[in-house]
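To start, the structure under review is shown below, and the notes come after it.
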Amino acid sequence: MTPRLDAISIITADLAASLAFYRRLGLDIPAGAESAPHVEVVLPGGQRLLWDTEDVIRSFDPGWERPAGGERLGLAFVCDSPAEVDALYAELTGAGYAGHLKPWDAVWGQRYAVVLDPDGCGVSLFAAADAK
């Protein structure tokens, strides 16, 4: 048997705030999920994105501590055009989410920006620079 990547997990201090952020990015998260300690959505392609509260993690890993000192994993959302990157960045930062990198034309051929989710994790927004 060969292992295959099946899920990516987000551990959050504030589940409702995290779900609200990712809904703004177009994820189809069920209504009322905020009341659950664990949430899952199936992504296109079949992988899953999971959310757990810090309390849930501590329930089976009592020694778990919130990471400090930088990110280890980031999520990236592809947009249809450079204009969509700019608009989505403006929408998210206008809604109070922290911008980390304003949209710019990256040397690797993308319009690229980074917004922080409610737990301070960088979420990249990008589109091919030549996309219409």
Side-chain angles (χ1 to χ4, degrees):
M1 180 173 138
T2 302
R4 60 183 172 79
L5 180 63
D6 178 70
I8 298 166
S9 180
I10 297 171
I11 301 169
T12 181
D14 185 336
L15 184 62
S18 187
L19 296 179
F21 175 84
Y22 287 99
R23 279 187 181 114
R24 285 182 172 269
L25 288 169
L27 294 183
D28 187 18
I29 300 167
E34 297 78 6
S35 63
H38 173 83
V39 178
E40 295 187 16
V41 296
V42 178
L43 304 171
Q47 285 82 24
R48 297 173 299 140
L49 185 56
L50 319 173
W51 286 264
D52 288 296
T53 64
E54 292 177 352
D55 289 339
V56 166
I57 300 303
R58 285 189 194 101
S59 75
F60 62 83
D61 184 358
W64 182 86
E65 294 181 17
R66 182 182 296 165
E71 297 175 38
R72 302 285 189 258
L73 180 68
L75 300 176
F77 286 75
V78 64
C79 298
D80 290 331
S81 68
E84 186 181 10
V85 171
D86 294 355
L88 187 53
Y89 182 90
E91 175 190 328
L92 291 168
T93 56
Y97 299 104
H100 181 71
L101 287 175
K102 291 181 180 181
W104 63 291
D105 294 324
V107 298
W108 55 85
Q110 293 176 334
R111 184 71 171 167
Y112 188 84
V114 179
V115 177
L116 301 180
D117 79 0
D119 292 291
C121 297
V123 176
S124 298
L125 310 172
F126 71 95
D130 60 1
K132 300 288 181 203

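Fair warning: this is a prediction, and the values are worked out from it, not measured in the lab.
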Residues Asp117, Leu75; criterion side chain to side chain contact (heavy atoms under 4.5 Å, CB included); working and verdict: CA-CA 10 Å; Asp117 79 0; Leu75 300 176; over 6 Å; no

Of all pairs that satisfy ring-ring contact (aromatic ring centres under 6.0 Å, His included), the ones with a partner from residues 73-102, not counting sequence neighbours: Phe21-Tyr97

ring-ring contact (aromatic ring centres under 6.0 Å, His included) contacts touching residues 23-57 (sequence neighbours left out): Tyr22-Trp51

Stepwise side chain to side chain contact (heavy atoms under 4.5 Å, CB included) check, Ile29 with Val39: CA-CA 8 Å; Ile29 300 167; Val39 178; 4.2 Å; yes

Separation between CD1 of Ile11 and OG1 of Thr53, rounded to the nearest 0.5 Å: 9.5 Å

Set of residues satisfying side chain to side chain donor-acceptor pair (under 3.5 Å) with respect to Glu91, sequence neighbours excluded: Arg24

Co-members of the apolar cluster containing Val107 [side chain, <4.5 Å]: Val78, Leu101, Trp104, Trp108, Tyr112, Val114, Phe126

Ala13: partners by side-chain contact (heavy atoms from CB on, under 4.5 Å), with sequence neighbours left out: Glu54, Arg66, Asp119

Min side-chain heavy-atom separation Pro37-Asp55 under 4.5 Å: no

Within residues 97-106 or reaching into it, pairs that qualify as salt bridge (charged side-chain N to carboxylate O under 4.0 Å, His left out) - sequence neighbours excluded: Asp105-Arg111

Any donor-acceptor N/O pair, Asp52 side chain to Val56 backbone, under 3.5 Å: no

Approximate separation, where rounding is to 0.5 Å, of Ile8 CD1 and Leu49 CG: 6.5 Å

Chi angles and distances behind the side chain to side chain contact (heavy atoms under 4.5 Å, CB included) call for Leu19, Thr12: CA-CA 10 Å; Leu19 296 179; Thr12 181; over 6 Å; no

Any side-chain heavy-atom pair of Asp28 and Val42 under 4.5 Å: no

Heavy-atom side-chain proximity of Leu50 to Ile10 below 4.5 angstrom: no

Contact check, side chains of Leu43 and Leu27, non-hydrogen atoms, under 4.5 Å: yes

Least distance between heavy atoms, Asp86 atom then Pro103 atom: OD1-CB, 3.0 Å

Short side-chain to backbone donor-acceptor contact, Ser35 and Gly32, under 3.5 Å: yes

Qualifying residues under side chain to side chain donor-acceptor pair (under 3.5 Å), relative to Asp130, sequence neighbours excluded: none

Partner residues of Arg58 under the side chain to side chain donor-acceptor pair (under 3.5 Å) criterion, sequence neighbours left out: none

Closest non-hydrogen atom pair between Ala113 and Val85, with its separation: CB-CG1, 4.1 Å

Heavy-atom side-chain contact between Asp6 and Arg48 under 4.5 Å: yes

All pairs passing salt bridge (charged side-chain N to carboxylate O under 4.0 Å, His left out) where residues 73-84 contributes a residue, at least two apart: none

Over all atoms of both residues, closest heavy-atom pair of Cys79 and Leu88: SG-CD2, 4.1 Å

Residues that Asp14 engages under side chain to side chain donor-acceptor pair (under 3.5 Å), provided they are two or more places apart: none

For Leu15 against Ala33, the heavy-atom pair lying closest together: CD2-O, 3.9 Å

Ala83: side-chain contact (heavy atoms from CB on, under 4.5 Å) partners, not counting sequence neighbours: Ser81

Pro82 versus Ala127, closest heavy-atom pair with distance: N-CB, 3.8 Å

